[in-house]
Amino acid sequence: MTDGFIKVASATCDIKVADTKHNADAIVEKIKEAADRGVNIICFPELCITGYTCGDLFLQDTLLRGAKEAVEHIAYEIKHLDIVAIVGLPCVINQKLYNIAVVINHGEVRGGTAKQNLPNYNEFYEMRHFTAADCDFKEEVSFGKGKSSYICCNQIFSIEDMPNLKFGIEICEDLWVADSPSIRLAESGAVIIFNLSASDEVIGKSEYRRNLIKAKSGSLCCGYVYADAGIGESTQDMVFAGHNIIVENGSVLAEAELFENDMIIADIDVDKLAHERRRMNTFKSGTCVEEANFVLTKKNTVLEHGPAKLPFVPIEQSNLNNRCKEILTMQSVGLATRIKHIGCKNVVIGLSGGLDSTLALIVAIHAFDRLGVNRKGIHAITMPAFGTTDRTYNNACLLAKLYGTTLEEIDIKESVKVHFVDIGQTEEKKDVTYENAQARERTQVLMDRANMLNGIVVGTGDLSELALGWATYNGDHMSMYAVNASIPKTLVRWLVDFEARNSEIELRTTLYDILDTPVSPELLPPNKDGVIEQKTEDLVGPYELHDYFLYYMLRFGFPPSKIYRLALLSFNLDYEKEEILKWMKIFYKRFFTQQFKRSCMPDAPKVGTVTLSPRGDFRMPSDASYSIWMKELEEI
């Protein structure tokens with residue numbers, strides 16, 4: 001819990017209809033199992049203490065008394081457990097019967113809510129037994145010898161030393177209506193909504209239910225924990241499947257198999273949800289009528305799963321293919337629109353035989369094809385210099401030829417040597433000036449050729465390089481339109497791979513060889529065997545780590561200590577913890593000190609939620625201090 005993660009569970013027990021003692025014991029066993037697995041809050045289905053399908057037995061005093069005694073029994077049995085349990089039961093309040101949910105924590109009922117929307121259509125006839133609570137409903141109820149607590153429809157449950165952990169409750173049909181209680185609860189600060197449900201299963205309903213919960217969670221920017229009635233309910237007229245679902249901001253974290261009476265567990269990041277709400281200034285805030293407190297020991301949550309190592313890349317292959325196609329379309333539409341707007345038929349790309357320039361060429365190909373313009377208007381210029389290897393040179397030439405573009409070769413070695421003489425730089429001194437002079441010479445060639453062709457220079461640098469400032473200022477840093485500026489290095493690989501898989505054999509082979517080539521600016525001479533000596537990831541660190549740091553820093557505002565902890569989980573088989581910390585320090589230092597390069601970056605199409613455009617998504621002063629971020633890293 002110290003990193004904002006709350007371990008939640010949604011559980012369906014094997015119940016017996018109207019057997020409150022059996023059901024209470026089953027619930028207690030499930031709570032104990034959840035506590036052993038580190039769960040902080042567990043939710044059970046609607047009317048789980050009696051069963052949803054009791055029919056007119058709900059009018060029997062014996063059943064109602066047994067339900068309250070069952071709550072007292074559960075509270076007593078779990079009083080020493082550090083967990084919150086939410087259970088459902090029928091309860092008489094002021095001579096009326098309500099369908100309620102109560103929150104049990106450390107031997108006490110801390111509060112609860114009553115169902116506001118009672119379905120009375122098709123197979124449902126809840127109004128025969130229950131009274132609908134209105135949104136202002138607030139009544140005091142006593143369970144056993146414990147102190148009385150409020151059953152209140154606008155009630156938020158909170159914990160004192162974790163301000164972002166607030167949750168609310170709604171019951172089944174409350175989700176399905178237009179004006180659901182969860183809207184008011186979320187506006188009043190609840191970042192998790194628990195729903196106790198008894199939703200019977202019919203063909204196609206599970207998919208509709210899943211989509212409804214995802215949409216509700218996304219629109220409210222909250223976690224949504226849905227607990228559904230299952231096997232054990234009466235099958236006289238309905239069948240229940242125990243379709244338990246846990247969703248965070250529109251993404252499914254865990255989902256039960258239908259007809260299994262399962263308990264699912266997931267970790268919800270309440271700090272991340274709170275950050276999202278701060279970021280979205282259209283998220284409304286309201287005032288809740290009542291707030292109740294619960295108690296949990298503050299400790300690190302043992303996470304069920306570490307986050308994906310490549311947060312910019314979808315895990316499922318089908319999703320990845322669709323995402324790659326969509327991204328390439330967005331990039332090419334951006335470039336095509338710019339070309340059409342300024343009325344040019346030529347673009348210039350510095351083609352190195354590396355990943356980024358390959359992707360830029362692919363985007364240009366798609367843009368020209370979209371416009372119906374001859375590919376010969378794409379001028380792929382290879383500019384060999386001191387660090388160029390035969391492998392990258394040959395791949396660049398072959399790539400331009402296979403795509404049917406115009407290939408130009410301009411050797412810049414002699415012009416760079418003349419420049420060295422002009423500024424008093426020796427060829428033997430292979431310092432930053434030696435490297436950057438080549439990068440700036442290449443940019444000058446590209447710009448001047450674009451002028452001669454009445455065209456534009458297409459930039460090749462990617463999002464990861466922008467984040468690290470791994471670009472020569474006014475060198476490869478500059479272009480007329482930067483098609484890759486929203487694409488992190490880890491995603492660049494997948495986009496090129498996608499293009500390769502959809503290409504003819506010779507082009508595919510070339511693209512795969514480019515994918516297999518080490519990432520390098522090739523500004524220092526190769527080794528004696530002509531192989532790349534200067535490898536970017538040896539110098540600044542693995543891009544998969546830097547993309548990971550970048551994503552969680554910018555997308556959710558996570559502090560360094562939290563990102564470090566998550567990285568240990570995600571990369572535990574790949575890097576030692578000392579190595580992760582080392583590259584994190586380099587990331588933060590470079591990210592802050594290199595902002596001046598981003599402040600004047602060229603136009604570029606926004607593709608994902610993480611981008612560094614100084615005109616839109618990320619505005620930071622170039623002289624901002626990074627001392628407090630580094631201090632936190634030093635204290636790890």
Using the salt bridge (Lys or Arg N to Asp or Glu O under 4.0 Å) rule, take D497 and R501 through it: C-alpha gap first, then chi angles, then the decisive distance, then the call.
CA-CA 6 Å; D497 177 77; R501 285 185 280 110; 2.8 Å; yes
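- Looking only at side-chain heavy atoms (C-beta outward), K309 and F571 come within less than 4.5 Å of each other.
- The pair D617-K606 meets the salt-bridge criterion, since a charged nitrogen lies less than 4.0 angstrom from a carboxylate oxygen.
- A distance below 6.0 Å separates the ring centres of Y551 and F312.
- Interatomic distance, N502 CG to N321 CG, rounded to the nearest 0.5 Å: 7.5 Å.
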Show, in sequence, the C-alpha distance, side-chain angles and deciding distance for T490 and E544, and conclude whether the side chain to side chain donor-acceptor pair (under 3.5 Å) test is met.
CA-CA 6 Å; T490 48; E544 64 178 354; over 6 Å; no
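- Here the closest non-hydrogen pair linking N154 and C135 is ND2-O, 3.1 Å.
- Here the side chains of V191 and N164 are not in contact, with every heavy-atom distance at 4.5 Å or above.
- Separating the CG atom in L97 from the CG atom in L59 is a distance of 7.0 Å, to the nearest 0.5 Å.
- In this structure, the separation between OG on S464 and CZ on F549 is 12.0 Å, given to the nearest 0.5 Å.
- Remark: E33 CD is packed, more than 12 non-hydrogen atoms of other residues, nucleotides or ligands lying under 6.0 Å away.
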For E304 and K7, run salt bridge (Lys or Arg N to Asp or Glu O under 4.0 Å): C-alpha distance rounded to whole Å, both residues' side-chain angles, the deciding distance at 0.1 Å, then the answer.
CA-CA 8 Å; E304 296 294 303; K7 193 178 294 294; 2.9 Å; yes
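- Here the CD1-SG distance, from I100 to C152, works out to 12.5 Å after rounding to the nearest 0.5 Å.
- With hydrogens and angles left out, the side-chain atoms of T20 and T50 include no donor and acceptor closer than 3.5 Å.
- At distances below 3.5 Å, not a single donor-acceptor pair connects side-chain atoms of H129 with backbone N or O atoms of F58.
- The cationic atom of K562 (NZ for Lys, CZ for Arg) lies less than 6.0 Å from the six-membered ring centre of F5 and within 45° of the ring axis.
- Across all their heavy atoms, R210 and V252 have their closest contact at CG-CG2, 4.4 Å.
- Seen from the ring of W176, K205 counts as a face-on cation partner, given the 6.0 Å and 45° thresholds.
- Side-chain contact between I268 and L253 is present, with at least one heavy-atom pair separated by less than 4.5 Å.
- Between the side chain of D174 and the main chain of P181, no donor-acceptor pair closer than 3.5 Å is present.
- Note on residues 60-78: pairs passing side chain to side chain donor-acceptor pair (under 3.5 Å), not counting sequence neighbours, are D25-H73.
- Side-chain atoms of D134 come within 3.5 Å of backbone atoms of D136 as a donor-acceptor pair (strictly under, hydrogens ignored).
- In summary, the side chains of N244 and T12 do present a donor paired with an acceptor at a separation below 3.5 Å, with no hydrogens or angles considered.
- When all heavy atoms of A132 and L118 are compared, the pair lying nearest together is N-CD1, 3.4 Å.
- In this model, no donor atom of one side chain and acceptor atom of the other lie less than 3.5 Å apart for Y98 and Q116.
- The 12-atom threshold is not exceeded at CD of E257, counting heavy atoms of other residues, nucleotides or ligands nearer than 6.0 Å.
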After noting the C-alpha distance and the side-chain angles of R184 and E187, does the key distance pass the salt bridge (Lys or Arg N to Asp or Glu O under 4.0 Å) rule?
CA-CA 5 Å; R184 294 185 296 276; E187 289 178 346; over 6 Å; no
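- Between the side chains of T113 and Q155, not a single donor N or O lies within less than 3.5 Å of an accepting N or O.
- Between I42 and I86, the closest side-chain pair of non-hydrogen atoms is not below 4.5 Å.
- The shortest side-chain heavy-atom distance between V71 and V109 falls under the 4.5 Å cut-off.
- Put simply, the side chain of R279 never gets that close to the backbone of R555: no donor and acceptor are under 3.5 Å apart.
- Using a 3.5 Å distance cut-off with no hydrogens or angles, the side chains of S10 and Y226 do not pair a donor with an acceptor.
- Under a 3.5 Å cut-off, the side chain of S234 and the backbone N or O of Q236 do form a donor-acceptor pair.
- Between the side chains of E233 and T53, at least one donor N or O sits under 3.5 Å from an acceptor N or O.
- Between the side chain of E126 and the backbone N or O of N120, no donor-acceptor pair lies under 3.5 Å.
- The aromatic rings of F558 and Y552 lie parallel to each other, their planes meeting at an angle below 30°, with 60° marking the opposite boundary.
- Between the OH atom of Y548 and the CE atom of M584 there is a distance of 9.5 Å, given to the nearest 0.5 Å.
- Remark: the backbone N or O of C172 is not paired with any side-chain donor or acceptor of K115 at under 3.5 angstrom.
- Of all the heavy atoms in H243 and D228, the pair that sits closest is N-OD2, 3.0 Å.
- Side-chain atoms of R110 and S149 form no donor-acceptor pair, as typed in the model, at a separation below 3.5 Å.
- In the model, E46 has no side-chain atom that pairs as donor or acceptor with a side-chain atom of S197 under 3.5 Å.
- Using a 4.0 Å cut-off between charged side-chain N and carboxylate O, E248 and K272 make a salt bridge.
- At least one donor-acceptor pair closer than 3.5 Å links the side chain of N23 to the backbone N or O of D19.
- With N261 contributing its side chain and I231 its backbone, the two residues share a donor-acceptor pair below 3.5 Å.
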Hey, mind stepping through R209 and E201 against salt bridge (Lys or Arg N to Asp or Glu O under 4.0 Å) and telling me if it holds?
CA-CA 10 Å; R209 186 188 297 117; E201 209 59 43; 3.2 Å; yes
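- Screening L273, D271, D267 against D269 for a side chain to side chain contact (heavy atoms under 4.5 Å, CB included) leaves a single residue, D271.
- Using a 4.5 Å cut-off on side-chain heavy atoms (C-beta onward), F259 and V239 make contact.
- The closest side-chain donor-acceptor pair between D82 and T297 falls under 3.5 angstrom.
- V84 is listed as a side-chain neighbour of L296, based on a closest heavy-atom distance under 4.5 Å.
- Side-chain contact between I74 and F44: absent, with no pair of heavy atoms (C-beta onward) separated by less than 4.5 Å.
- With rounding to the nearest 0.5 Å, the separation of CD1 in I41 from CZ in F194 is 4.0 Å.
- Nearest heavy-atom pair across G111 and I151 is C-CD1, 4.4 Å.
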Can you list, pair by pair, the side-chain donor-acceptor contacts under 3.5 Å of residues 215-224, counting residues two or more places apart and other chains?
| residue | atom | partner | partner atom | Å |
| --- | --- | --- | --- | --- |
| K216 | NZ | S180 | OG | 2.9 |
| S217 | OG | C222 | O | 2.6 |
| S217 | OG | N249 | N | 2.9 |
| S217 | OG | G250 | N | 3.1 |
| S219 | OG | A215 | O | 3.2 |
| S219 | OG | K216 | O | 3.1 |
| Y224 | OH | E170 | OE2 | 2.4 |
| Y224 | OH | N195 | ND2 | 2.9 |

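- Atom OH of Y564 has more than 12 neighbouring heavy atoms from other residues, nucleotides or ligands inside a 6.0 Å radius.
- Shortest non-hydrogen contact noted between L185 and I156 is O-CD1, 3.5 Å.
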